Enquirer: 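Here it is, the structure, as structure tokens.
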There are 2 protein chains.
Amino acid sequence: MNIRQDIHNSEIPLLCQACEARHRGLCGALDPSQLVALSKQSWKQTVETGSELVGDAEKVASYSNVLSGVIKLSKTLADGRQQIVGLQFAPDFLGRPFKTESALNAEAATEVSLCSFPTALVERMMKDSPELEHRLLVQTLKELDEARDWMVTLGRKTAAEKVASFLLLIARNINPCRPLSQKEVVFDLPLTRADIADFLGLTIETVSRQMTILRKDGVIAIESNRHVTVRNMERLERRAGA
Amino acid sequence: MNIRQDIHNSEIPLLCQACEARHRGLCGALDPSQLVALSKQSWKQTVETGSELVGDAEKVASYSNVLSGVIKLSKTLADGRQQIVGLQFAPDFLGRPFKTESALNAEAATEVSLCSFPTALVERMMKDSPELEHRLLVQTLKELDEARDWMVTLGRKTAAEKVASFLLLIARNINPCRPLSQKEVVFDLPLTRADIADFLGLTIETVSRQMTILRKDGVIAIESNRHVTVRNMERLERRAGA
DNA sequence: CGATAGTTTGACACAGCTCAATAGGCGTGG
DNA sequence: CCACGCCTATTGAGCTGTGTCAAACTATCG
């Protein structure tokens, strides 16, 4: 039995054919011949929860597209206090071009699958393909917008609002095929309470207490610590403080 | 008496000849003919302290280079709580390409001079000039790094560390010709106590108290509320918590 | 079924907030 | 030049939200 050759896919490397990043991610900027060049030097990998992808102040040899799972980007003060400064979902691009050393720590919050390529190759292709650099600019601007939104959460919201904001963020990002604006949303939390605390600038205990309040008030339901049902998105949004 | 025609400057528009942004800013990406095209549709303006440059959810018709002064970028919650999410100094680029509506508020924190141009023109030039888009990407990545650094300050530092971090930020950015790593640094604060509080996620009173402590401990000196002398940068750095 | 890591709950402490009063800087007008 | 008023900043006193420490509970997995 022959595999039907789809015209659209005929020149696309096998590695890329089923890849999300080719559509919504960075690789969408590349034409088939560029995809072939990139795919020859790229590799897919699956990493387990907790493994460090990029260390702070470490040389970075590869960039990646996130294909599935959640990555946490964090910074640590000298005395060990930690702050998560961003979460990355598929099909985000992981890496900081034009800098050899990372200024932050990237760690798999869940099991994560990646498609990685050498930094040098990406930077070379960026010179040749303005469209690639354009996509990267668009993603970077998006991340900057998100970072600034989160600064409001960190600086001006109460613990209750912070936790609601976090649940809202996850509800909106974790399900790739999210039917927006439906009342009830179900997902597994990609982060532990400790991670959530580090993301919100709170302690584990405060996060836990606020989750309990949301549960007792019937805004959410929780099963076995990780599995969350948002009973009513609107109420959650109201609790997140605009 | 003739003005000597410098070869380097001979084709540069008058408007641009003394401009900082042509060297360290975005315009450095442009060749003389592009500079001429841009300068024909650009204009310099000076705006006074407190005037709003871009309103939240407002249509943006022009982008600008900051030539002098300080701009604060802020976001406001429904009930009026405010957070400053970034400060811009010369020769930063003010604007958010690829979005017609602003998601934040830009206001002159001091008297500010700007060189402005129509958004449409910049976006057209970006298509033709990858170098321009490249510079914008580099600036955006820098702002993202800064935003993430500040998230650590907002989420994990104490009030004392926050105020020290703020003074450090200003000391490092306000003086264009800063002789780095000299022990004593003098500057005028570009922000009121209320602005500082909104930047740090604190109240005016807490900011004031922490400044008083720094003053009494001899780390800084303050004259007439705005004029600050950092007596010892190293001590200030230590108080900022890494 | 016990071990371990993660989570919840409780009691208490304290950093930073709120409200209120005072002090200082600066421009205006006598 | 001083007197006044306005605005901003400082200082004080008390309160409260969130952190700290400690203990109990729960899920998961061998």
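Computed from a predicted structure; not experimentally measured.
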Enquirer: May I have the distance from B:Asp195 (atom CG) to D:dA9 (atom P), rounded to whole angstrom?
Expert: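 Atom CG in B:Asp195 sits about 9 Å away from atom P in D:dA9.
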Enquirer: Specify the separation, in whole Å, of atom CE of A:Met211 and atom C1' of D:dT18.
Expert: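 One finds 17 Å between C1' of D:dT18 and CE of A:Met211, rounded.
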Enquirer: Would you please classify the geometry between the B:Phe199 ring and the B:Phe166 ring as parallel, tilted or perpendicular, with 30° and 60° separating the classes?
Expert: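 Taking B:Phe199 first and then B:Phe166, their aromatic rings stand perpendicular (interplane angle over 60°).
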Enquirer: Roughly how bent is the helix from C:dC1-D:dG30 to C:dG30-D:dC1 end to end, in steps of 10 degrees, with each end axis from five pairs?
Expert: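 Here the local axes at opposite ends form an angle of 30°.
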Enquirer: With the side chain of A:Ala159 defined as its heavy atoms from C-beta on, choose the nearest nucleotide among D:dT18, D:dA9, C:dG10.
Expert: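 From the listed options, D:dT18 comes nearest.
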Enquirer: Do the side-chain N or O atoms of B:Arg193 get closer than 4.0 angstrom to the phosphate oxygens (OP1, OP2) of D:dT10?
Expert: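 Checking D:dT10 against B:Arg193, a side-chain N or O does come within under 4.0 Å of OP1 or OP2.
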Enquirer: Check B:Ile213, B:Thr229, B:Val163, B:Leu167 against B:Ile220 for a side-chain contact (heavy atoms from CB on, under 4.5 Å) and give me the one that passes.
Expert: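 Single pass found, and it is B:Leu167.
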Enquirer: When only distance counts, do a donor and an acceptor, one from the side chain of A:Arg209 and one from the base of C:dG10, lie under 3.5 Å apart?
Expert: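 For A:Arg209, whose side chain was compared with the base of C:dG10, there is a donor-acceptor pair (under 3.5 Å).
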Enquirer: Please tell me which of the listed nucleotides, D:dT18, C:dT18, D:dA9, lies nearest to the side chain of B:Thr192?
Expert: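 Among the listed nucleotides, the one closest to the side chain of B:Thr192 is D:dA9.
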Enquirer: Any idea which heavy atoms bring A:Gly95 and A:Tyr63 closest together, and the distance?
Expert: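 Distance-wise, the nearest heavy atoms are CA-CD2, 3.6 Å.
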Enquirer: Name the residue closer to the 5' end of DNA chain D, choosing between A:Ser224 and A:Thr158 according to the nucleotide with the nearest heavy atom.
Expert: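 The residue closer to the strand's 5' end, by nearest nucleotide, is A:Thr158.
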Enquirer: Rounded to the Å, how far apart are B:Ile204 CD1 and C:dT22 C1'?
Expert: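 For the pair B:Ile204 CD1 and C:dT22 C1', the rounded distance is 16 Å.
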Enquirer: Evaluate side-chain hydrogen bond (donor to acceptor under 3.5 Å, both in side chains) for A:Glu184 paired with A:Asn232, printing each intermediate quantity in order.
Expert: CA-CA 6 Å; A:Glu184 193 150 298; A:Asn232 186 328; over 6 Å; no
Enquirer: Choosing from C:dG16, C:dT18, D:dT18, which nucleotide comes nearest the side chain of B:Thr203?
Expert: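 Selected nucleotide (nearest to the side chain): C:dT18.
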Enquirer: Please confirm whether the shortest side-chain N or O distance from B:Ser208 to OP1 or OP2 of D:dA9 is below 4.0 Å.
Expert: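 The answer is no; no side-chain N or O of B:Ser208 sits under 4.0 Å from OP1 or OP2.
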Enquirer: Is A:Arg24 salt-bridged to A:Glu20, going by a charged N under 4.0 Å from an acidic O?
Expert: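 Looking at A:Arg24 and A:Glu20, the cut-off is met.
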Enquirer: Given atom CG of A:Leu202 and atom C1' of C:dA15, what is their separation to the nearest angstrom?
Expert: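 Checked: the CG to C1' distance equals 15 Å.
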Enquirer: For A:Val70 and A:Val112, work out which heavy atoms get closest and say how close.
Expert: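 The pair with the smallest heavy-atom distance is O-CG2, 3.5 Å.
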Enquirer: Answer yes when A:Arg239 and A:Glu234 have at least one side-chain N-carboxylate O distance shorter than 4.0 Å, and no when they do not.
Expert: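 Between A:Glu234 and A:Arg239 there is no salt bridge, as every charged N stays at least 4.0 Å from the carboxylate O atoms.
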Enquirer: Mind calculating the distance between NE2 (B:His227) and P (D:dA9) to the nearest angstrom?
Expert: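 About 16 Å, once rounded to whole Å.
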Enquirer: Should B:Thr206 be listed as having a side-chain N or O under 4.0 Å from OP1 or OP2 of C:dC17?
Expert: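 Result: yes.
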Enquirer: Of the nucleotides C:dT7, D:dT18, C:dT9, which one has an atom closest to the side chain of A:Asn225?
Expert: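 The listed nucleotide nearest to A:Asn225's side chain is C:dT7.
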Enquirer: Among the candidates D:dC21, D:dG12, D:dA9, find the nucleotide nearest to the side-chain atoms of B:Glu205.
Expert: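 Nucleotide nearest to B:Glu205's side chain: D:dG12.
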Enquirer: I want to check one thing: is the phosphate of C:dT9, taken as OP1 and OP2, less than 4.0 Å away from some side-chain N or O of A:Thr212?
Expert: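 Checking A:Thr212 against C:dT9: at least one side-chain N or O falls below 4.0 Å of OP1 or OP2.
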Enquirer: Round to a whole Å and report the spacing from CD1 of B:Ile196 to C1' of D:dT8.
Expert: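 Taking CD1 of B:Ile196 and C1' of D:dT8, I get 12 Å after rounding.
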Enquirer: May I have the distance from A:Arg81 (atom CZ) to D:dG19 (atom C1'), rounded to whole angstrom?
Expert: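 Answer to the nearest Å: 13 Å.
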Enquirer: Atom CD of A:Gln210 and atom P of D:dT18: how far apart are they, to the nearest Å?
Expert: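 The answer, rounded to whole Å, is 7 Å.
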Enquirer: Sequence neighbours left out, what passes side chain to side chain contact (heavy atoms under 4.5 Å, CB included) with B:Ala103? Give chain and number order.
Expert: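 B:Ala103 satisfies side chain to side chain contact (heavy atoms under 4.5 Å, CB included) with B:Lys75, B:Lys99 once adjacent residues are dropped.
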